[in-house]
Amino acid sequence: MSMELELVPVTKDDAEKILMFIRLGKDYFKDLDFEERERFMQSILSRLGEPDRWLFLLKYQNEYVGLAHVKIDKSERPGWGFILEFYIVPSKRRMGLGRKFFSLIEDLLRSKGVKDIWLLATEAIPFWCSLGFRLTGEIDKETGQMILTKSLRSADNSSLES
Ligand SMILES: CC(C)(COP(=O)(O)OP(=O)(O)OC[C@H]1O[C@@H](n2cnc3c(N)ncnc32)[C@H](O)[C@@H]1OP(=O)(O)O)[C@@H](O)C(=O)NCCC(=O)NCCS
């Protein structure tokens with residue numbers, strides 16, 4: 001399975017991957033109206049190439065099956081990893097791909113010295129909790145979503161212990 005799974009960064013001059021992000025984004029952002037969705041996707045794409053910010057596609061068996069937008073936070077929780085967008089296509093859910101996708105992202109963030117990760121969620125809370133995130137009890141004022149966090153330190157400790 002690991003050979004079939006690839007974390008693919010979307011870069012500024014790679015039209016094929018940008019188109020794939022837009023295609024997957026149409027479903028991910030389907031709750032937004034057309035204009036809002038276009039504006040939002042453009043705002044993400046316009047920031048490509050900024051340091052400590054990544055747009056990833058997940059490739060599985062030669063097919064693009066997911067997207068993620070990740071950064072190292074500079075404002076609310078400086079130095080923390082922040083997952084802004086995360087998505088697996090509906091036809092490939094509950095196969096463990098989301099878990100593996102996150103694990104690849106976690107490895108990248110850990111390699112950058114990140115010690116904690118945070119994100120906002122509603123429907124996906126059971127997914128994030130199954131990956132070791134905890135509800136902080138805080139609610140994001142702007143979106144009304146729940147704030148979840150995960151420490152990478154305890155994972156370091158447990159891997160040392162085992
Ligand atoms: C959330 C999402 C990324 C999960 O991806 P996935 O590939 O289906 O997740 P996995 O198969 O790796 O699931 C891992 C574990 O998470 C939990 N989980 C995943 N989806 C779940 C669901 N819908 N309900 C309850 N638990 C769920 C389960 O414990 C699962 O393990 P199991 O299948 O052995 O029971 C996917 O459903 C999705 O893209 N949803 C729409 C976009 C979204 O909500 N993104 C998150 C933004 S914060």
Side-chain angles (χ1 to χ4, degrees), residues 1-10 17-34 36-45 47-48 52-77 80-110 114-152 154-155 158-159:
M1 172 101 175
S2 62
M3 290 298 286
E4 300 170 341
L5 206 66
E6 197 189 335
L7 188 65
V8 180
V10 180
K17 300 205 179 69
I18 289 176
L19 275 172
M20 191 50 66
F21 167 75
I22 291 170
R23 192 188 290 177
L24 296 180
K26 282 201 174 126
D27 178 61
Y28 178 66
F29 297 119
K30 65 178 183 298
D31 294 343
L32 303 179
D33 67 41
F34 176 80
E36 250 183 319
R37 189 171 67 201
E38 293 297 306
R39 198 156 11 96
F40 203 57
M41 285 201 275
Q42 279 313 319
S43 82
I44 294 173
L45 288 168
R47 308 188 80 157
L48 274 180
D52 294 338
R53 181 188 288 271
W54 302 270
L55 202 54
F56 291 116
L57 297 170
L58 183 70
K59 206 175 192 180
Y60 171 62
Q61 294 179 333
N62 228 26
E63 194 186 328
Y64 289 107
V65 298
L67 71 80
H69 180 199
V70 179
K71 69 174 186 176
I72 299 180
D73 199 354
K74 290 187 182 64
S75 47
E76 282 183 66
R77 289 174 172 77
W80 286 46
F82 183 24
I83 313 285
L84 296 97
E85 262 73 55
F86 193 93
Y87 169 81
I88 296 288
V89 294
S91 62
K92 295 284 191 290
R93 288 182 191 162
R94 298 308 287 264
M95 296 168 50
L97 288 172
R99 175 188 297 274
K100 291 200 167 69
F101 193 15
F102 177 72
S103 162
L104 293 169
I105 290 167
E106 198 176 46
D107 289 347
L108 170 106
L109 289 172
R110 198 182 276 117
V114 165
K115 301 280 189 269
D116 303 273
I117 303 181
W118 76 287
L119 54 83
L120 305 176
T122 46
E123 287 91 352
I125 290 170
F127 168 71
W128 294 116
C129 288
S130 86
L131 303 193
F133 278 82
R134 293 198 185 130
L135 285 162
T136 59
E138 291 167 81
I139 294 174
D140 179 62
K141 288 192 194 75
E142 216 175 294
T143 63
Q145 298 188 88
M146 304 288 178
I147 298 180
L148 288 91
T149 61
K150 177 177 181 176
S151 167
L152 302 183
S154 52
S158 61
S159 65

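Counting starts at 1 for both ligands and their atoms, in listed order. The first residue of the sequence shown is numbered 1, and numbering continues consecutively from there.
- More than 12 heavy atoms of other residues, nucleotides or ligands lie within 6.0 Å of CD in Q61, so this atom counts as buried by the packing criterion.
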Please tabulate, one line per pair, the protein N or O atoms found under 3.5 Å from any N or O atom of ligand 1, giving the distance to one decimal.
{"from": "ligand 1", "atom 1": "7 (O)", "to": "G98", "atom 2": "N", "distance (Å)": "2.8"}
{"from": "ligand 1", "atom 1": "8 (O)", "to": "R94", "atom 2": "N", "distance (Å)": "2.8"}
{"from": "ligand 1", "atom 1": "11 (O)", "to": "R94", "atom 2": "N", "distance (Å)": "3.4"}
{"from": "ligand 1", "atom 1": "11 (O)", "to": "M95", "atom 2": "N", "distance (Å)": "3.3"}
{"from": "ligand 1", "atom 1": "11 (O)", "to": "G96", "atom 2": "N", "distance (Å)": "2.8"}
{"from": "ligand 1", "atom 1": "12 (O)", "to": "G98", "atom 2": "N", "distance (Å)": "3.3"}
{"from": "ligand 1", "atom 1": "12 (O)", "to": "R99", "atom 2": "N", "distance (Å)": "2.8"}
{"from": "ligand 1", "atom 1": "16 (O)", "to": "S130", "atom 2": "OG", "distance (Å)": "3.0"}
{"from": "ligand 1", "atom 1": "33 (O)", "to": "R94", "atom 2": "NE", "distance (Å)": "3.1"}
{"from": "ligand 1", "atom 1": "35 (O)", "to": "R94", "atom 2": "NH2", "distance (Å)": "3.0"}
{"from": "ligand 1", "atom 1": "39 (O)", "to": "I88", "atom 2": "N", "distance (Å)": "2.8"}
{"from": "ligand 1", "atom 1": "39 (O)", "to": "I88", "atom 2": "O", "distance (Å)": "3.4"}
{"from": "ligand 1", "atom 1": "45 (N)", "to": "F86", "atom 2": "O", "distance (Å)": "2.7"}

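- Under the 6.0 Å cut-off for aromatic ring centres, F86 and F101 qualify, their centroids lying closer than that.
- Tested against W54 for a side-chain contact (heavy atoms from CB on, under 4.5 Å), the candidates I105, L7, L109 yield a single pass: L109.
- For residues 87-99, the side-chain hydrogen bond (donor to acceptor under 3.5 Å, both in side chains) pairs, not counting sequence neighbours, are D27-Y87.
- Residues I147 and L120 meet the side-chain proximity criterion, which asks for heavy atoms closer than 4.5 Å.
- Ring geometry, F102 versus W128: the interplanar angle exceeds 60°, so the pair is classed perpendicular (tilted spans 30 to 60°).
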